[in-house]
Structure formats: structure tokens, C-alpha cells
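For reference, the structure is listed below as C-alpha cells.
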Amino acid sequence: MIKALTERQNMRDAYQQVVRNKGAGGVDHMKVDDLLSHLTDTWAITKSFLEEGKYTPQPIKGVEIPKSNGKTRLLGIPTVQDRLIQQAMCQVLNPIFEAEFQTHSYGFRPNKSAHQAVIQALANINDGYQDIVDIDLKSFFDEVDHALLLELIHAKVKCPQFLLLLKRYLRAPIQINGKLIRRRKGVPQGGPLSPLLSNILLNELDKELEKRGHRYVRYADDFSIYLKSKKAAKRTGNSIFLFLKHKLKLPINKEKSGIRRPHNVSYAQKWCSGGRS
DNA sequence: TTTGCAGCGAC
RNA sequence: GUUGUCGCUGCAAA
């Protein structure tokens with residue numbers, strides 16, 4: 001596994017992906033081949049550190065940005081080198097877990113869009129599932145349980161070096177105005193791996209919902225379950241609340257969660273107007 | 001058919 | 001200062 005990670009082609013792809021984004025956050029505009037040859041020695045060192053489990057990620061930079069609702073969100077931005085390594089990790093993990101993911105999860109996945117999620121939501125309503133349980137996970141990214149996540153990945157990936165590296169990325173301290181702060185839970189919002197990790201954890205929720213035969217739609221941490229009566233919706237909502245709290249150790253924002261009817265499907269309206277339809 | 005640039009949206 | 005994944009649109013070039 002760690003070998004696949006450090007393969008030259010995988011690193012090349014990871015580099016291109018990192019550089020493709022925006023101003024490339026501190027990467028100078030070297031050509032890929034230049035960089036790779038320039039990295040021959042630097043990268044060899046990094047590579048051996050990765051393979052021997054000696055690599056320690058640098059702290060992530062904490063940046064507060066304003067959200068649309070007036071509050072702020074804390075980003076955790078890894079260094080360019082760590083973004084590159086995480087991207088490479090993402091590329092080897094993605095195909096493994098993509099095979100596991102359920103069809104009604106739409107966030108952060110290749111060939112899946114918010115628009116498709118809306119179509120599915122409307123289809124559920126059209127089929128008579130008109131009582132909708134809407135659950136809002138409280139600052140989901142910041143609450144992810146490390147042990148649980150590592151356990152889920154261990155089930156599919158046995159390579160100890162890879163798991164150690166991943167653990168170190170999860171535990172990397174965050175630096176806010178020069179102060180280093182330890183992190184005991186959560187995935188940094190800003191790391192290339194984070195969206196995939198969030199799906200890996202919430203895939204357990206998907207599997208539970210599938211097992212119970214529910215109609216549902218999930219887009220990242222935002223999801224709804226579609227039932228045929230208010231009573232069933234209430235019961236399911238409570239049950240899933242307990243599942244999330246105990247099995248996945250995720251707190252729920254009770255004020256923003258609840259049961260509603262299709263005419264105020266807020267997110268569908270948002271997606272319809274924004275994402276067209 | 002494909003690639004490069006720019007922008008928009010979701011979380 | 002501002003990161004990330006995914007999706008879409010537009011333009012340009014062969």
C-alpha cells in the first residue's frame with residue numbers, strides 16, 4: 001500500500017492535482033518534470049521516511065473565514081508538501097472505498113452531483129414518501145472520532161505504515177496565531193483527504209439506512225430520510241439520532257433537525273435555484 | 001474527440 | 001489574508 005502511494009506515477013498525478021488548484025498555495029510554477037527531477041533527492045528522503053514510518057507531518061495552519069450565516073469556520077490548511085502527500089494517499093484510498101459507498105451518497109464523489117441528489121429527493125417525494133426527517137450534524141468535520149475512523153480504514157487497508165501516516169495526519173496540531181493546539185478529534189477542513197474521510201465514516205450511516213430499507217439522500221454531512229407517515233418519521237428520526245450518537249459518536253444539532261413536509265424542502269430549493277433544474 | 005484558461009454552485 | 005473535494009457553465013486552442 002505504502003508502495004503504491006510512493007509510486008512515481010501516483011506522485012506525479014498528485015502533484016498535478018495540487019498545482020491545478022488556484023494559486024497553488026505556495027508552489028512555484030515549476031514544470032512537473034523539473035519538480036520531479038528536482039525532488040529526486042528530496043523526494044527520496046521523504047519516500048524512505050514514509051516507507052519506514054518516520055515521516056511526521058508539519059502542523060496545519062488555522063485560518064478563520066466568515067461563513068454565509070455570519071459565523072466563522074475554522075480551516076486547517078496543511079503545507080504544500082503535506083497536501084501533496086495527502087493527495088497521493090487520497091488517490092490510492094479512493095478506488096478502494098468508492099466500491100464500498102452506497103448509491104444514495106452524493107457528496108464529494110466522482111460522477112455524483114448535488115443536482116442528482118435533488119432528482120433523487122424529488123423522486124422519493126413523488127413516490128409518496130412525504131414525511132422527511134432532516135438531521136443536521138453539529139460541526140461534523142470537527143467531531144470525527146479518530147479511533148473509529150482508523151478502525152474503519154483498517155478493515156480495508158492492512159498496511160501499518162499507511163495507517164500510522166494517516167493517524168499522524170489526523171493528530172497533526174493546528175497553529176492559530178503562532179500557538180500550537182493539539183487536536184484529539186476532527187478532520188482538518190482544507191486537507192485533500194478530508195472529504196474522503198468524511199464519506200468513509202458516514203458510509204456506516206448509509207449502510208445502516210440501507211439495512212433498514214429507508215429511502216434517503218445524503219450529501220456530505222447533510223442528509224434526509226423519506227418516510228410515508230409523520231409517526232414513522234418521528235420514530236426513525238429518534239432511532240437514527242441514537243445510532244449517530246452511540247455508534248458513530250457524532251453530536252446532532254437538535255434545533256436544526258426535525259420533520260418537515262416537501263413544500264419547505266429548503267435545501268432542494270437552494271439546490272434547484274443555485275444548481276439549476 | 002481531447003486539452004488549457006476563467007467563472008459558478010454544493011458541503 | 002482563503003484551504004479542500006466534487007459537480008456544472010463559459011471561453012480558447014488543436
Side-chain angles (χ1 to χ4, degrees), chain A residues 13-27 29 31-32 57-69 71-95 97-98 101 104-121 134-144 169-170 172 174-178 183 186-203 205 217-224 250 253 256 265-277:
Chain A
D13 293 346
Y15 173 81
Q16 284 176 337
Q17 176 68 29
V18 169
V19 163
R20 197 185 328 263
N21 290 327
K22 293 260 265 190
V27 184
H29 295 103
K31 294 274 179 283
V32 178
Q58 291 171 272
I60 53 183
K61 187 169 76 169
V63 180
E64 297 259 347
I65 57 161
K67 283 203 290 187
S68 47
N69 59 10
K71 297 194 172 181
T72 65
R73 120 187 287 147
L74 182 65
L75 294 179
I77 306 158
T79 63
V80 176
Q81 185 182 18
D82 287 326
R83 288 214 298 275
L84 181 76
I85 296 170
Q86 281 194 38
Q87 180 64 40
M89 292 168 81
C90 188
Q91 283 165 5
V92 292
L93 270 190
N94 217 336
F97 281 94
E98 190 59 31
F101 291 160
H104 296 105
S105 160
Y106 296 91
F108 310 132
R109 292 185 59 192
N111 308 315
K112 300 263 184 186
S113 68
H115 181 224
Q116 287 174 299
V118 173
I119 300 290
Q120 184 58 49
D134 197 12
I135 297 181
D136 186 82
L137 296 168
K138 199 164 126 201
S139 52
F140 166 68
F141 276 84
D142 299 327
E143 296 289 344
V144 170
Y169 270 117
L170 291 174
I174 187 167
Q175 189 167 41
I176 304 168
N177 330 317
R183 294 167 50 254
V187 293
Q189 307 192 44
L193 214 42
S194 301
L196 176 61
L197 295 178
S198 76
N199 271 340
I200 289 172
L201 184 60
L202 288 180
N203 186 39
L205 171 68
V217 172
R218 183 169 74 79
Y219 193 101
D221 62 334
D222 194 345
F223 74 98
S224 316
L250 292 171
N253 195 339
K256 287 192 190 167
V265 185
S266 60
Y267 73 88
Q269 282 169 353
K270 202 161 59 185
W271 287 346
C272 284
S273 56
R276 117 207 188 281
S277 163

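Proteins come first, then strands; the chains are lettered A, B, ... in the order of their sequence lines, and each starts at number 1. Only a predicted model underlies this, so the values are computations on that prediction, with no experimental measurement involved. Every heavy atom of this structure was used, including side-chain atoms; hydrogens, water molecules and symmetry mates were not.
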Side chain of [X], heavy atoms from C-beta onward: which of [options] has the nearest atom to it?
X        : options              : value
A:Ser113 : C:rG1, C:rG7, C:rG4  : C:rG7
A:Pro195 : B:dC11, C:rU2, C:rU5 : C:rU5
A:Tyr219 : B:dG9, C:rU5, C:rU2  : B:dG9

side-chain contact (heavy atoms from CB on, under 4.5 Å) evaluation trace for A:Glu143 with A:Leu137: CA-CA 9 Å; A:Glu143 296 289 344; A:Leu137 296 168; over 6 Å; no
Rounded distance (Å) that lies between atom [atom2] of [N] and atom [atom1] of [X]:
X        : N     : atom1 : atom2 : result
A:Lys61  : C:rU3 : NZ    : P     : 8 Å
A:Gln91  : C:rG4 : CD    : P     : 14 Å
A:Phe108 : C:rG4 : CZ    : C1'   : 8 Å

Contact check, side chains of A:Val217 and A:Val118, non-hydrogen atoms, under 4.5 Å: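 No; the side chains remain at least 4.5 Å from each other.
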Parallel, tilted or perpendicular: rings of A:Phe141 and A:Phe108 (30°, 60°): perpendicular
Whichever of A:Gly191 and A:Asn111 has its nearest RNA chain C nucleotide further upstream toward 5': A:Gly191
Base-pairing assignment for C:rC8 (Watson-Crick or G-U wobble, both under 3.5 Å):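 For C:rC8, the partner nucleotide comes out as B:dG7, under the 3.5 Å rule.
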Complementary nucleotide for C:rU3 - Watson-Crick or wobble, under 3.5 Å: none
So, is [X] close to the [N] phosphate, meaning a side-chain N or O under 4.0 Å from OP1 or OP2?
X        : N      : result
A:Gln17  : C:rC6  : yes
A:Lys112 : B:dA10 : no
A:Arg83  : C:rU3  : no
A:Gln86  : C:rU3  : no

Worked verdict on A:Ile176 versus A:Val63 for side-chain contact (heavy atoms from CB on, under 4.5 Å): CA-CA 7 Å; A:Ile176 304 168; A:Val63 180; over 6 Å; no
C:rG1 and B:dA6, which share atom name C1', separated by this distance in whole Å: 22 Å
